[in-house]
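Reminder, nothing fancy here: chain letters follow the sequence lines and each chain counts from 1.
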Amino acid sequence: MDLLKKLNPQQRKAVAAPDGSVLVLAGPGSGKTRVLTHRVAWLVQEMDVAAWRIMAVTFTNKAAREMRARLEQLLGSSRARSLTLGTFHAACARILRREHEAAGIPRDYAIFDADDQLRLVKQALKELGYDDKLYRPQSMRGAISRAKNELILPGAYSTVSYRDEIVKRIYERYQALLKANNGLDFDDLLMVTARTFGQNPDVLAKYQERYRHVLVDEFQDTNQAQYTLLQQLSGLHRNLFCVADEDQSIYAWRGADYRNIRRLRDDHPDLTTILLEENYRSTQTILDAARAVIRHNPDRTDKSLFTQRGRGPEIVVHEAYDQDDEARFVVDTIARLTAQAGIRPGDCAVMYRTNAQSRALEDAFIRAGLPYRLVGATRFYARREIKDVIAFLRLIHNPAEGVSMARVINVPRRSIGTKTVTVLENAARERECSVYEVLGEIPAGLGTRAQRALTLFLKMVEGWVAARESMTAAQLIDRVLEDTRYNDYVRDDSDEGEDRWANVQELRNVAADYEDLTLTDFLADVALVSDVDSLGGEEVDAPTLLTLHSAKGLEFPIVFIVGLEEGILPHSRSLNDPDQMAEERRLMYVGLTRAEDRLFLTYAFRRTRYGESEYTETSRFLDDLPSNLVSGSWRQRREAKRQENRGTGVWGSKQGNSPSAVHNSQFTTRDPQFKAGQRVRHAAFGEGMVIESRAAGSDEIVTVAFEKVGLKRLMVGLAPLELAGS
DNA sequence: TGATCGCGCCTTTTT
DNA sequence: GGCGCGATCA
């Protein structure tokens with residue numbers, strides 16, 4: 001009974017629910033995931049269900065990883081490890097690999113990511129002769145993806161308008177291209193699995209019998225394909241356990257349908273619904289603010305979130321001059337807070353609507369010489385150099401795969417230009433074979449230079465393919481890097497080049513962990529894992545920078561949400577669509593409810609967007625905050641400031657004593673404290689020599705050549721920098 | 001073939 | 001402000 005000891009009565013009821021379908025509806029911070037985790041442990045321990053008979057799916061790899069870690073604590077590692085725990089996509093990928101015959105797909109299919117999808121869409125557009133200005137590849141890909149999420153094949157694509165007709169044709173062509181490349185895209189993983197189950201009752205029965213219990217986290221973010229899969233899988237035992245919060249549904253744009261909650265109620269008349277309203281994460285102030293924002297949404301059941309944590313500090317709303325000033329405020333505040341006892345840098349998170357906003361923040365952290373963790377952004381596996389190496393591996397795995405071939409045939413440059421490639425691709429189409437096969441019999445009409453280059457390339461790839469069985473993934477990577485002289489290609493003496501090379505090495509290290517697994521397994525995993533730290537990165541005690549979307553499911557003692565301006569949050573794309581606006585509101589709600597203790601909301605007076613600096617309008621979400629929750633009367637101050645600025649276009653009060661105002665006044669410069677040639681010491685970077693120092697507003701920017709870490713630019717006001725004894 | 005330049009469009013958000 | 005794409009030149 002230990003499992004239930006620390007839970008409240010509602011949580012306990014959910015965890016120890018008898019067989020049958022259960023829906024747990026809960027607000028943020030109510031221990032949803034904890035309930036799910038305990039439910040799994042409960043089934044294994046108390047109900048004696050074999051771990052491998054339980055399928056638990058979550059939304060992200062990260063969530064799955066964390067849940068597994070918690071289960072290891074509860075159950076011991078051996079039992080936790082045998083659990084089928086992961087994302088929908090990974091689960092389907094595994095099922096499809098096993099059932100490829102019934103699914104009618106090759107066993108060694110490759111998983112195509114968003115980038116690959118876009119290439120195929122572009123190719124389809126080109127082949128069909130459509131204008132990619134009129135039919136944007138991105139939007140076409142979106143339409144195809146949406147169709148697949150709703151389990152609609154090209155043949156059944158409904159065409160109301162002429163544009164739909166075009167989409168349908170592109171979709172058809174796109175599917176043909178996928179097939180020709182032995183590829184399945186992310187959406188296919190779900191759609192093909194659902195279809196396979198639908199058409200092969202015997203296959204489905206196997207999995208229905210196997211999984212006595214199916215558990216789902218973040219159920220509000222499932223799409224139709226996923227809902228169908230859940231219905232299919234739980235069809236026999238009917239033990240479907242879903243955890244959801246409709247107010248946190250923020251993925252409608254990619255097909256998530258929170259109406260699945262209603263569907264679940266309709267399809268399971270015996271459904272047990274349990275509400276969790278007590279919040280264990282945030283102060284009452286934060287909860288009240290979150291509720292004030294979310295209550296404007298229509299069609300929702302208002303939950304009264306409550307906590308026993310007390311009111312806590314007021315919310316701080318801060319107006320900055322521009323995005324750099326905003327970033328500086330964030331860094332400054334974090335530096336100040338962490339100087340106090342009990343607050344560590346890792347307790348802080350900075351959230352923003354779009355990835356583009358991270359740049360100013362990163363700059364500010366770098367200038368202050370403070371470390372930070374960036375989640376997402378240019379994801380590891382989306383980096384050019386990583387995609388290159390993976391394309392080589394995919395080519396070795398299946399030389400007939402055209403997308404990878406096209407990617408690397410001239411990388412690094414080996415004098416195989418677009419013209420040559422076009423000739424090859426045309427020949428391949430004529431002969432109805434792959435480009436790789438064409439290389440064995442080079443078509444006429446190519447110069448000797450091109451021919452020689454192609455032969456060399458072919459010999460190289462053939463060598464790899466021949467070695468494929470006898471080498472591990474890591475060895476293959478080494479071989480590829482060596483043969484292509486990839487090293488010389490990426491390391492161009494720039495910092496960026498070094499970073500790229502380091503990334504390649506990182507990938508190699510990841511591959512080294514796959515010693516006993518095949519190249520196929522490695523490639524499948526790599527396609528499904530989205531960021532590198534889910535493959536085991538070290539935890540550092542530093543503030544986290546992340547988008548509001550990727551903040552879901554996380555919590556931090558101190559949260560900053562930046563860019564609270566109309567057009568940013570809410571995003572400009574949602575301003576005239578009530579449904580999308582409701583989603584923006586939920587996004588804001590997710591952000592607010594990540595905070596445990598303190599909340600800082602910032603906006604800038606002007607912001608540079610698309611290279612142009614514009615005056616901003618504060619976010620409607622700020623207006624929703626009851627003033628008794630916010631420290632000071634920022635609203636009045638904002639009005640006063642705007643009044644004052646009218647006509648001058650200048651920001652900041654003349655007597656301004658806020659840090660941002662000081663920054664903006666150019667006349668408070670003082671003499672630099674450091675001079676070129678001086679030896680200095682920095683807490684984190686060690687010793688170095690000052691190269692240059694110049695005043696910047698009231699602060700000073702010093703460029704230092706550190707012995708260990710090289711050149712860094714630091715703000716004296718923020719960097720722990722001191723003169724070193726000569 | 002490959003480097004360079006100007007142009008247009010852009011950015012949501014992720015498995 | 002930056003990226004991809006097409007046009008243009010060495």
Side-chain angles (χ1 to χ4, degrees), chain A residues 57-64 86-93 111-119 122 126 132-133 136-139 141-142 145 148-149 184-191 218 221-223 225-226 249-256 323 351-360 375-379 381-382 384 410 412-422 446-447 449-450 453 525-531 534 546-553 563 567-575 577 580-581 583-584 586-588 590-591 607-614:
Chain A
V57 283
T58 75
F59 197 63
T60 61
N61 288 304
K62 199 167 179 185
T87 62
F88 276 96
H89 290 85
C92 288
I111 297 171
F112 278 36
D113 67 12
D115 202 66
D116 301 324
Q117 284 180 35
L118 213 54
R119 278 165 187 268
K122 281 180 190 163
K126 209 157 137 197
D132 63 359
K133 295 270 185 302
R136 302 224 152 266
Q138 283 286 7
S139 123
R141 200 205 58 191
S145 181
K148 288 186 174 186
N149 283 170
L184 294 188
D185 61 26
F186 278 129
D187 306 307
D188 279 338
L189 293 175
L190 306 174
M191 180 177 73
E218 308 282 15
D221 285 325
T222 52
N223 61 32
Q226 287 163 331
S249 160
I250 53 175
Y251 284 99
W253 53 273
R254 72 174 211 204
Q323 66 264 36
M351 302 174 187
Y352 35 83
R353 177 66 236 265
T354 64
N355 276 310
Q357 289 169 261
S358 74
R359 190 186 216 100
V375 175
T378 323
R379 316 172 75 73
Y381 287 100
R384 196 187 66 199
N410 198 31
R413 297 266 128 81
R414 52 177 71 87
S415 303
I416 304 174
T418 42
K419 203 175 138 221
T420 310
V421 172
T422 312
L446 285 174
R449 192 158 74 122
D525 275 19
V526 153
L528 288 165
V529 169
S530 56
D531 68 70
S534 49
L546 73 180
T547 63
L548 288 161
H549 280 90
S550 42
K552 187 157 83 159
I568 303 241
L569 181 58
H571 194 271
S572 51
R573 298 276 270 239
S574 13
L575 293 181
D577 179 334
Q580 290 193 49
M581 182 55 72
E583 181 145 318
E584 295 291 308
R586 291 193 291 269
L587 196 54
M588 177 71 185
V590 167
R607 182 174 297 270
T608 309
R609 283 237 281 171
Y610 306 135
E612 214 134 356
S613 181
E614 294 162 340

Check your understanding: Just how far, in rounded Å, is P of dT13(B) from CZ of Arg141(A)?
Key -> 12 Å
Review point. Excluding sequence neighbours, so at least two apart, what forms side chain to side chain donor-acceptor pair (under 3.5 Å) with Ser145(A)?
Key: Asp187(A)
Exercise for review: Would you mind reading off the distance between Met581(A) atom CE and dT13(B) atom P, rounded to a whole angstrom?
Suggested key: 17 Å
Check your understanding: Rounded to whole angstroms, how far apart are OH on Tyr352(A) and C1' on dT13(B)?
Key -> 12 Å
Check your understanding: Rounded to the Å, how far apart are Ile111(A) CD1 and dT15(B) P?
Key -> 14 Å
Practice item. Using a 4.0 Å heavy-atom cut-off, write out nucleotides 2-11 of chain B from 5' to 3' as B (base contacted by protein), S (sugar-phosphate only) or - (no contact). Key: SS-----SBS
Practice item. Extract, from 5' to 3' on DNA chain C, the first and final nucleotides lying under 4.0 angstrom from some heavy atom of chain A. Key: dG1(C) to dC5(C)
Check your understanding: For Leu587(A) and Thr420(A), take the nucleotide of DNA chain B holding the closest heavy atom to each; which residue's nucleotide lies nearer the 5' end?
Key -> Thr420(A)
**Study point:** Contacts of type side chain to side chain donor-acceptor pair (under 3.5 Å), residue Thr420(A), not counting sequence neighbours
**Key:** none
Revision key, fill the gap. To the nearest angstrom, the CG-C1' distance between Leu184(A) and dT15(B) comes to 14 Å
Exercise for review: Nearest whole angstrom, please: distance from the P of dT15(B) to the CG of Asp188(A).
Suggested key: 18 Å
Study note, to complete from the structure: Contacts of Lys122(A) meeting side chain to side chain contact (heavy atoms under 4.5 Å, CB included) (sequence neighbours excluded), chain-then-number -> Leu118(A), Pro137(A)
Check your understanding: Can you name the residues that form a side chain to side chain donor-acceptor pair (under 3.5 Å) with Glu584(A), not counting sequence neighbours?
Key -> Arg353(A), Ser574(A)
Review point. Whole-Å distance between dT15(B) P and Asp187(A) CG?
Key: 13 Å
Review point. Looking for any heavy atom pair under 4.0 Å, which part of the strands does Phe88(A) touch: base, sugar-phosphate only, or nothing?
Key: nothing
Practice item. List in chain and number order the residues that pass ring pair (Phe, Tyr, Trp, His ring centres under 6.0 Å) with Tyr251(A), two or more places apart in sequence or in another chain; answer none if no residue qualifies. Key: Phe59(A), Trp253(A), His549(A)
Check your understanding: dG4(C) and dT13(B): how far apart are their P atoms, nearest whole angstrom?
Key -> 15 Å
Exercise for review: Starting at atom CD of Glu218(A), determine the distance to atom C1' of dT14(B), rounded to an integer number of angstrom.
Suggested key: 13 Å
Point to revise | side chain to side chain contact (heavy atoms under 4.5 Å, CB included) involving Arg136(A) - partner list, sequence neighbours excluded | key: Lys133(A), Ser139(A)
Review point. Side-chain contact, heavy-atom cut-off 4.5 Å: Ile568(A) with Gln357(A)?
Key: yes
Revision key, fill the gap. In terms of heavy-atom contacts, Pro570(A) and Leu575(A) come closest through CG-CD2, 4.0 Å
Review point. Can you find a side chain N or O atom of Asn355(A) that sits less than 4.0 Å from OP1 or OP2 on dT14(B)?
Key: yes
Point to revise | With His89(A) via ring pair (Phe, Tyr, Trp, His ring centres under 6.0 Å) - residues at least two apart | key: Phe186(A)
Review point. Which residue lies toward the 5' end of DNA chain B, Val421(A) or Gln580(A), if each is placed at its nearest nucleotide?
Key: Val421(A)
